[in-house]
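All values below come from the heavy atoms of this structure, side chains included, with hydrogens, waters and symmetry mates left out. Convention: sequence-line order gives letters A, B, ...; per-chain numbering from 1.
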Amino acid sequence: MTPRRAEHVAIGLMVSGAFLALAILFFIIAVIMIKGLPHITARFLLDNPMDMGRAGGIFSTIVSTVYLLVVSLVIAIPLGVGTAIYLTEYTEEGKITKIVRFGTECLAGVPSIILGLFGFILFVIKLGFGWSVLSGGISLAIMILPVIIRTSEEAIKSVPQAFRDVNEVLGGSKWQGVTRLVLPNAAPGILTGVILSVGRGIGETAVVIFTLGTSLRTPFSIFDSGRSMAVHFYILAREGISMDNAYATAAVLVFSILIINIFSYYLMHKFVEARR
Amino acid sequence: MSAADIKRKEKLIQRIFLVVAFSSLFSLFLIALFIFVEGLPMIWKVGLKDFLLSTRWSPTKGHFGIFAMIVSSFWVTIGALLFGGPLGLMCSIFLVEFSSARMRAVIKPALELLAGIPSVVYGFLGVVYLVPLVRDYLGGPGLSLLTSCIILGIMILPTVISISVDSLVAVPDSYREAAFSLGATRWQTTHMVTLHAAKSGIITALVLGMGRAVGETMAVIMIAGNALKIPLSPLDPIRTLTSNIALEMGYASGLHRQALFATGIVLFFFVMALNMIATLFARRKVLK
Amino acid sequence: MSAKTVVIEARDVSLRVGEKKILERINLEIRRNEIFGIMGPAGSGKTSFLKLVNHTFRAAGMALEGALYVLGEDVLGEDVNPTPLRRKVSMVFATPVVLPMSIFENLVYGLKIQGIRDKHTLREAAERGLKAAILWEEVRDRLHKPAQKLSGGQQQRLCIARAMALSPEILLLDEPTSGLDPISTFRIEEALKELKRHHAIVLVSNNTKQIARVSDRCAFFLMGELIETGKTAQVFTVPKEKKTDDYIAGRFG
């Protein structure tokens, strides 16, 4: 094969690979939207599920999902951003940073089913929280922690060193530099990470099903069980309860994830622009 | 505030952050601890050999052999790599070497969206569209190793793409320019120079993709058929380590539940080994 | 403090980082109401010296000897309280670093981190700083606009204004005009000449012409050693050392 032929064949392959991947994505979104959107009405969003989800809407599962995400973010954001601040501002590169980074990488690699098992045995059983928003929230927080650490670290690193120097020569302490200059300037980047982890949290099933449980009642207290949208969709689809409602739930899921991703991409874009 | 006070305050802040920084490591430790404490006694009781190397899994009769699941998890991971690896690499090379900045700005975030689609949605669409296709054209029940490999191959795309794109971008332009100036075509430059220079990053991407595939649960439950035997053909239904845990956790108790945690230990080892390999290759990249 | 008071006094100051000598037995005096120029090629230790003065030099394995009195206090020790020191000894960097906030917020940053909230005090300090840097007329009616909208020269003068808003005794400048056009440079030099009426100014630069133009006394650093110091007019016309002569004449550097 001549180099020119090889070039054409290679480019053809690469293009068709990229095209195939995009086509798959497009197919997934299109199918879910086409089959799901017609069933989404105000009543579907605002009514509670009835008859195991065969009828009614998904209101209680929306509440459970939001509640769960809020609890997990309240836990994961301080820990994740704190870790990032420590790694970038309060220590030199060395043994400790290496260990922390390695731990974060490993945690990111832990399969969600193992996190589910862990959350179940520790929070649900041993600590007696039961299937609850609290158990689910902590477990999900552990899952999104690595995402938040990584994105926050990147965001904090991108704040120019000169800002810290200015703070120093004007008599500011390190802490003042962190709170007044570093964090405000890293905020959009950190927010992007938070939004991305919300996206991951919305779609998570394996962790949530064993820690939040599957109760269709609207959770009120942090010790109440609930059923997230993703779990609801899983049960509807797997047990063949209602295909229409399954598609509609999936459409709500995918739609919110789309919005979240587009929003975070937009934010990141603005953040990068501002840095230039 | 005196100098000593300020120093003390800064020291205290630093300590607090140090403690916080260990939260991820501490979580990892707790996870390992609880999985092991729950699972190890059972392995002790049944015996490592009967646990790992027996194919008989019937909890009601006290048989807890997970060999078939280990084999299934192994094949499904390899299969996912066979589908997702080349496709992911093609996408990455296209994005970095053969597309304009404007195209990249649209395609890259779109491909990253694949990571955002919940795994249950992949599983569901697999059941509705891919399973009948496999059943009608290739035979078997459709819920099979092959179906799982294809779906998992798609699911690991974002992991493979994002890391290999990063490592391709990290190859200095001077390498490419040197190759061009020697008269190489773009494809020759790519496969002789760029891919070679980005090799360790690409291997990291593939290994992490495998880690994602071996750990995936909900999609696999829906499309794999969950049969308890060693698959002899790609069209046979399988049950992986992850789906075994998720399927039976709901009602298991006593020794049975411990056996599921023990399954988790094996899975944990699989994933950690893959992570170690990935870290090793990632580190080699830094050394170069 | 009367005129001509010594505000910075270095006695045998040596600085080492690991095996590397950065500064070697530096002895000099810097007085109030003068612009003291420090010149020398890259790597001569002039910036390191400046950073010792406001206690911002940090490196792994650094070792110090001698004594460096700033406003009567030795600042080489471990137990120096840097916060009050840096309020009295302010510093401006080579590239203008404006913080991503309004002009006004930039000016009062140093005061706000001291916990000063009083609007009147802040406003007064901002105006004082701007006037000192001869920037007041140009920006007085857009104090709440983003500081990054200013031109490069204005940004650097804003940095000087920000330092002056703290009413420091000493102003340290590390090649403040290195990236600026001649007109902006001229404005800054004019501002510095105004500032010396009430302050001590230390100007580090490898632009010998600038040192000759604006400084009253100066020093020449080379490879961590102080080669020569004295009245600028004298150093530039009848240097005592051959090396100084060569440097000024542009035979190296």
**Student:** Can you say whether B:L208 sits under 4.5 Å from chain A via the side chain, the backbone, both, or neither, judging by heavy atoms?
**Tutor:**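 Interface part for B:L208: neither.
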
**Student:** Between A:I149 and chain B, which part of the residue has a heavy atom less than 4.5 Å away: side chain, backbone, both or neither?
**Tutor:** side chain

**Student:** Please flag which part of B:V271 lies under 4.5 Å from any non-hydrogen atom of chain A: side chain, backbone, both or neither.
**Tutor:** side chain

**Student:** Restricting to pairs with a member in residues 228-259 of chain A, which pass ring-ring contact (aromatic ring centres under 6.0 Å, His included), not counting sequence neighbours?
**Tutor:** A:F233-B:F124, A:Y247-B:F124

**Student:** Would you list the pairs meeting ring-ring contact (aromatic ring centres under 6.0 Å, His included) in which at least one residue belongs to residues 12-35 of chain A, sequence neighbours left out?
**Tutor:**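 Sorted result for residues 12-35 of chain A: A:F27-B:Y129.
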
**Student:** Side chain, backbone, both or neither: which part of B:Y122 has a non-hydrogen atom closer than 4.5 Å to chain A?
**Tutor:** side chain

**Student:** At a 4.5 Å cut-off on heavy atoms, which part of B:E38 comes close to chain A: side chain, backbone, both, or neither?
**Tutor:**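 Contact with chain A: side chain only.
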
**Student:** Do you know the tightest heavy-atom contact between B:F17 and A:G82?
**Tutor:** CD2-O, 3.4 Å

**Student:** For B:R257, is it the side chain, the backbone, both, or neither that has a heavy atom closer than 4.5 Å to a heavy atom of chain A?
**Tutor:** side chain

**Student:** Please classify the contact of A:I11 with chain B as side chain, backbone, both or neither, using a heavy-atom distance under 4.5 Å.
**Tutor:** side chain

**Student:** Do you know the tightest heavy-atom contact between B:V120 and A:A230?
**Tutor:** CG2-O, 4.2 Å

**Student:** Quick one: what part of B:L33 sits under 4.5 Å from any heavy atom of chain A, side chain, backbone, both or neither?
**Tutor:**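 It is neither, since no heavy atom gets under 4.5 Å.
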
**Student:** With a 4.5 angstrom heavy-atom cut-off, is it the side chain or the backbone of B:F268 that approaches chain A, or both, or neither?
**Tutor:** both

**Student:** B:T217 versus chain A, heavy atoms under 4.5 Å apart: side chain, backbone, both or neither?
**Tutor:**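 Contact with chain A is through the side chain of B:T217 alone.
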
**Student:** Sort out for me which of B:G215, B:G88, B:P118 touches chain A most, counting heavy-atom pairs under 4.5 Å.
**Tutor:**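 The answer is B:P118.
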
**Student:** Which of residues 110-117 of chain B have a heavy atom under 4.5 Å from any heavy atom of chain A?
**Tutor:** B:A110, B:L111, B:L113, B:L114, B:G116, B:I117

**Student:** A:E105: what forms a side-chain hydrogen bond (donor to acceptor under 3.5 Å, both in side chains) with it, not counting sequence neighbours?
**Tutor:**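 side-chain hydrogen bond (donor to acceptor under 3.5 Å, both in side chains) check on A:E105 returns nothing, list empty.
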
**Student:** Which bit of B:I31 comes within less than 4.5 Å of chain A, counting heavy atoms only: side chain, backbone, both or neither?
**Tutor:**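 It is both, since atoms from each part get that close.
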
**Student:** Quick one: what part of B:I154 sits under 4.5 Å from any heavy atom of chain A, side chain, backbone, both or neither?
**Tutor:**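 The side chain, not the backbone.
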
